[in-house]
Amino acid sequence: MSIYIVKRMVLAFLLLIIISLITFAFINLSPLNPAVVVLQAQGIPDTTEELIRQTEQQFGLDRPFFVRYLDWGMACLQLDFGHSYVTNQPVWSTLGPAFVNTFKLTLVSSIAIMIVSVVLGVICALQVGKKVDKTVRGIAFILTAMPSYWLAALMIWYFSVKLDWLPTSGMDSYRSYILPVLIITISYAGIYFRNVRSSMLSNMNKDYVLYGRASGLKESVVMMHILRNSLQVAISIFCMAIPIILGSTVVIENVFAWPGLGSLSIRAILSRDFPVIQAYVLILAISFVIFNAISDMINAAMNPRLRNGL
Amino acid sequence: MNILEVEQLSIWDQHSGKALVHDSSFQLRKGSCLAIVGESGSGKSLTCRALTRLNPKSLAQSGKIVFKGIDLTTLSEAEIRQKRGKEIAMIMQNGMSAFDPSCVVGVHFRETLGQHLGWKRRVADDHMIKAMERVMLQKPVELLRKYPHELSGGMLQRMMIALAIVLEPDLIIADEPTTALDTISQYEVIQQFLLLRQTIGSSMIFVSHDLGVVRQIADEVLIMRSGEIVERGTTHHIFTNAQHEYTRYLMATRATLSDHFRQLMEGS
Amino acid sequence: MNIWSNLRHDRIGMLSLVTVIAVIVIGICAPIIAPHDPLTVNMSLRYNGSTWSYWLGNDQLGRCILSRLIYGIRPSILLVLWILLISIGIGTALGFIAGYFKSKVDAWIMRICDIMLSFPGYVMTLAIVGILGVGLENIVIAFILTKWAWFARVIRTSVMQYTELDYIRFAKASGISNWHIIRRHVVPVTFADLTVIASSSIGSMILQISGFSFLGLGIQAPHAEWGMMLNEAREVMFTRPEMMLAPGIAIIIMVSAFNFLADALQVALDPRLHQSASTYTSSKKWQVRI
């Protein structure tokens with residue numbers, strides 16, 4: 001087990017180095033000279049050679065690529081992602097709180113998604129082919145075909161404007177969570193509950209279930225074994241959902257004016273604020289790698305066969 | 001005296017209405033061993049599972065199954081559950097998949113023994129360990145703490161037999177218990193089956209398509225094909241004086257296939 | 001393979017196929033079919049309901065909503081099909097090379113795929129748009145760059161599986177040229193897998209592209225695109241919520257049609273699935289969500 005964890009960590013670490021290098025190179029691949037971007041972002045109309053060179057020196061843009069990468073990498077480890085081209089503030093001072101806000105939304109949504117997927121998946125598997133199963137799957141099919149932002153807008157109009165039950169936007173109280181979490185849950189649970197359902201169904205047909213029944217075990221005991229094996233899927237869904245939602249709350253955050261990474265990144269992209277974009281991509285990539293590694297490890301812990309295999 | 005009488009057992013698929021087992025009737029004398037022989041898909045396994053109503057809900061069955069004077073088809077779900085394992089035990093074909101892969105194998109034994117005999121963990125383990133020693137399993141204490149994938153098919157098969165020894169059922173249904181094993185393990189498992197019959201004196205239904213094994217263990221033989229019983233008789237009768245063309249065909253193919261195995265069996 | 005005859009008996013599948021083809025044709029012939037110019041502003045017709053000359057009414061600038069929907073097919077649907085085609089092209093080529101020749105080439109291509117896939121798709125797209133700037137072309141580039149790796153991996157697996165088959169090995173051993181084997185033997189069998197993954201990823205791609213337009217990162221006003229129309233409608237959401245309906249429903253219909261079609265194709269290509277699952281239920285093992 002411990003060897004597996006070490007292996008997985010080394011792999012994750014290597015991946016992080018590669019990702020950081022790519023992230024850094026990406027920005028330098030941009031067709032625009034960053035110095036020009038800085039000047040434009042600060043609203044300086046005339047970009048003379050002199051001014052560009054000054055800016056390059058000020059932001060350290062004139063040094064060789066790898067020197068800058070190493071500097072940047074070391075700084076990133078201390079959460080120093082440089083200064084925003086637009087506001088001149090340290091990137092982390094805006095990115096940090098935004099990350100926390102997005103993470104809160106993601107965590108609540110992931111829990112909701114896991115609960116909904118497991119409950120629906122188990123119910124549908126137990127009622128397979130019956131009315132409940134067909135109805136749930138039909139509704140899920142339609143819901144996953146809906147653009148989430150469209151559904152969000154309709155819900156804001158109905159629940160917040162027409163009925164005035166919930167806030168339209170922002171992040172003021174627990175009530176602000178209800179609609180965004182609902183929308184995110186709808187768009188992902190519709191997919192994940194199928195995984196739980198099919199995993200339940202395949203487990204129900206396994207030999208160990210037959211042997212359990214043939215040995216006279218109570219249906220509830222047999223069901224616990226089925227759940228135990230099927231819920232591995234649920235756990236890995238939960239771990240996988242966190243990084244995916246973290247990266248795709250952009251649209252939902254935008255609709256609900258959630259003060260998180262999504263809103264921040266859109267603003268940064270529209271104003272071409274490279275250090276912010278860079279930090280955003282890096283942070284999400286890191287969380288993606290970390291959560292994937294965690295979900296692999298949890299899976300291994302729950303599945304004794306994987307433990308020896310990898 | 002017959003311990004089991006099956007009358008006009010039919011099994012069919014509820015969706016398509018396709019008949020899978022058609023009007024099977026057979027009897028099992030107390031203490032004897034009946035072999036059901038046939039190719040895969042002939043309905044042998046379905047018949048076995050139908051005895052304790054273990055087939056999936058999509059399959060329907062009709063007919064009478066009288067076990068120790070009680071028609072099992074009239075029992076409630078809770079009543080038949082008490083018979084499963086305790087009075088009618090099952091030995092599965094593939095030991096590797098017969099145990100929950102995420103639990104150590106001991107869990108299954110404890111749950112089963114706790115269910116039927118109300119034993120606590122310590123008592124259940126003690127009995128299992130003794131039974132495992134009797135089926136020649138080395139280091140039984142450690143084995144109980146292993147996951148199914150860490151053990152071999154033959155070992156798991158013998159552990160299922162050990163469980164049957166502890167439970168002392170009146171009837172053991174063994175569904176192709178030797179098919180998934182290599183020749184050596186097959187030999188060992190068959191020895192354990194013979195021992196099992198001697199020690200607890202239970203009746204047995206032994207499903208197989210391997211006639212070499214059947215000849216060793218069975219008193220009577222049923223030959224099934226496409227859901228119907230095509231021939232029946234004592235083992236001696238079937239092996240020397242088969243009437244049905246299909247039975248003779250099985251005999252002919254068996255002679256070429258299981259030479260090696262027969263050598264092993266007869267050499268002992 | 002008798003995909004067609006299998007598909008023909010699937011009513012929902014056929015309906016979806018007809019819808020998809022009809023919409024594609026309408027999109028291609030937009031200038032002929034659309035009743036009005038999608039960009040003509042007529043402030044006197046603002047928020048008009050449905051009339052004989054404007055079936056779906058007019059938007060906040062008095063433009064014909066139906067015409068905008070019809071022109072919107074081009075960036076919303078046809079463009080997605082193009083992106084899919086190109087990324088499948090790249091993915092297939094690399095997947096074939098990796099799966100067929102194996103060894104070092106395979107290892108390298110797969111490492112690159114691993115890295116590409118280790119980024120969440122949304123983040124990757126945002127990063128690329130962030131570097132290259134806002135605009136539909138950049139979204140297209142970002143999509144192609146993020147999707148090919150996925151296809152390459154699936155194709156590789158499927159090619160590997162088939163090249164292990166005896167008749168392909170035999171062909172290799174008897175000295176038939178690689179190209180010939182790929183073209184005559186491997187392509188036809190991997191085609192099935194390809195169809196299924198391609199058709200089932202269209203739905204989510206339509207949703208994503210419209211999502212980026214909705215955020216204002218894709219196509220720029222005044223051009224008509226369904227996500228863009230929703231973006232414009234959002235500004236008047238509190239007073240005129242009905243503006244959200246037409247483009248939203250258009251997206252739902254198209255995504256559902258493609259999803260139904262994907263399931264129907266999967267069943268048509270592998271009829272065994274049909275017994276265990278009715279049309280919209282088959283397990284979407286290839287579903288590409290992000």
Side-chain angles (χ1 to χ4, degrees), chain A residues 15 18-19 22-23 26-27 29-32 129 133-134 137-138 141-142 144-151 153-154 156-158 161-162 168 187-188 191 194-195 198 201 243-244 246-251 254-255 262 265-266 268-270 272-274 276-278 280-281 284-285 288-289 292, chain C residues 111 114-116 118-134 203-204 206-208 210-212 214-217 226-227 230-231 233-234 237-239 241 244-245 247-249 251-260 263 276-278 280-281 283-285 287 289-290:
Chain A
L15 208 54
I18 295 171
I19 285 173
I22 293 175
T23 316
F26 253 152
I27 302 299
L29 281 175
S30 167
L32 295 174
D133 181 35
K134 283 186 176 161
R137 280 183 303 158
F141 193 88
I142 303 287
T144 45
M146 284 186 186
S148 54
Y149 51 90
W150 183 76
L151 196 61
L154 286 190
I156 292 178
W157 171 76
Y158 190 73
V161 179
K162 202 138 184 268
T168 54
S187 40
Y188 286 94
I191 300 164
R194 285 168 178 237
N195 299 359
S198 60
L201 285 180
I244 289 178
L246 211 51
S248 56
T249 49
V250 181
V251 180
N254 197 274
V255 178
S265 65
I266 298 293
I269 288 170
L270 290 173
R272 321 215 65 182
D273 197 345
F274 282 170
V276 178
I277 301 174
Q278 209 169 22
Y280 164 78
V281 173
L284 278 191
F288 199 75
V289 170
N292 267 352
Chain C
R111 285 299 85 72
D114 280 344
I115 295 169
M116 299 298 280
S118 65
F119 271 118
Y122 253 103
V123 179
M124 189 85 147
T125 313
L126 284 178
I128 294 171
V129 175
I131 296 160
L132 298 177
V134 168
S204 56
I206 293 175
L207 286 176
Q208 286 174 28
S210 71
F212 282 109
F214 177 78
L215 291 173
L217 301 178
W226 296 350
L230 284 173
N231 185 12
R234 183 165 70 136
M237 190 176 83
F238 296 139
T239 49
M244 310 244 5
L245 286 182
I249 291 171
I251 294 177
I252 295 175
I253 290 177
M254 287 317 288
V255 174
S256 308
F258 275 114
N259 285 351
F260 276 127
D263 278 3
S276 56
S278 57
Y280 63 80
T281 63
S283 67
K284 286 209 167 157
K285 55 177 174 176
Q287 173 106 22
R289 180 65 185 182
I290 287 300

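These values consider heavy atoms only, across backbone and side chains, with no hydrogens, waters or symmetry-generated copies. Every chain is numbered from 1, with letters handed out A, B, ... down the list of sequences.
- A:Phe141 places a side-chain heavy atom less than 4.5 Å from the side chain of C:Phe260.
- Residue with the most contacts toward chain A among C:Thr125, C:Leu126, C:Ile251, C:Leu245: C:Leu126 (heavy-atom pairs, distance under 4.5 Å).
- Within the 4.5 angstrom heavy-atom criterion, atoms from both the backbone and the side chain of A:Val255 approach chain C.
- Note that CG of C:Leu132 is 11.0 Å distant from CD1 of A:Ile269, once rounded to the nearest 0.5 Å.
- Side-chain atoms of A:Thr144 and C:Val255, non-hydrogen and from C-beta on, never get closer than 4.5 Å to each other.
- The distance from the CE atom of C:Met244 to the CD1 atom of A:Ile156 is 9.0 Å, given to the nearest 0.5 Å.
- Counting heavy atoms from C-beta outward, C:Leu230 and A:Tyr149 have side chains that approach closer than 4.5 Å.
- Counting heavy atoms from C-beta on, the side chains of A:Val251 and C:Leu215 come closer than 4.5 Å.
- Of all heavy-atom pairs spanning A:Val281 and C:Ala127, the tightest one is CG2-CB, 3.4 Å.
- The most heavy-atom pairs under 4.5 Å with chain C, out of A:Asn195, A:Ile266, A:Leu270, A:Leu151, come from A:Ile266.
- Only the side chain of C:Leu217 comes within contact range of chain A, with at least one heavy atom under 4.5 Å from a heavy atom of that chain.
- Closest heavy-atom contact between A:Arg272 and C:Gly133: NH2-N, 3.1 Å.
- In this structure, chain A has a heavy atom under 4.5 Å from the side chain of C:Val134, while its backbone stays farther away.
- Both the backbone and the side chain of C:Ile252 have a heavy atom closer than 4.5 Å to some heavy atom of chain A.
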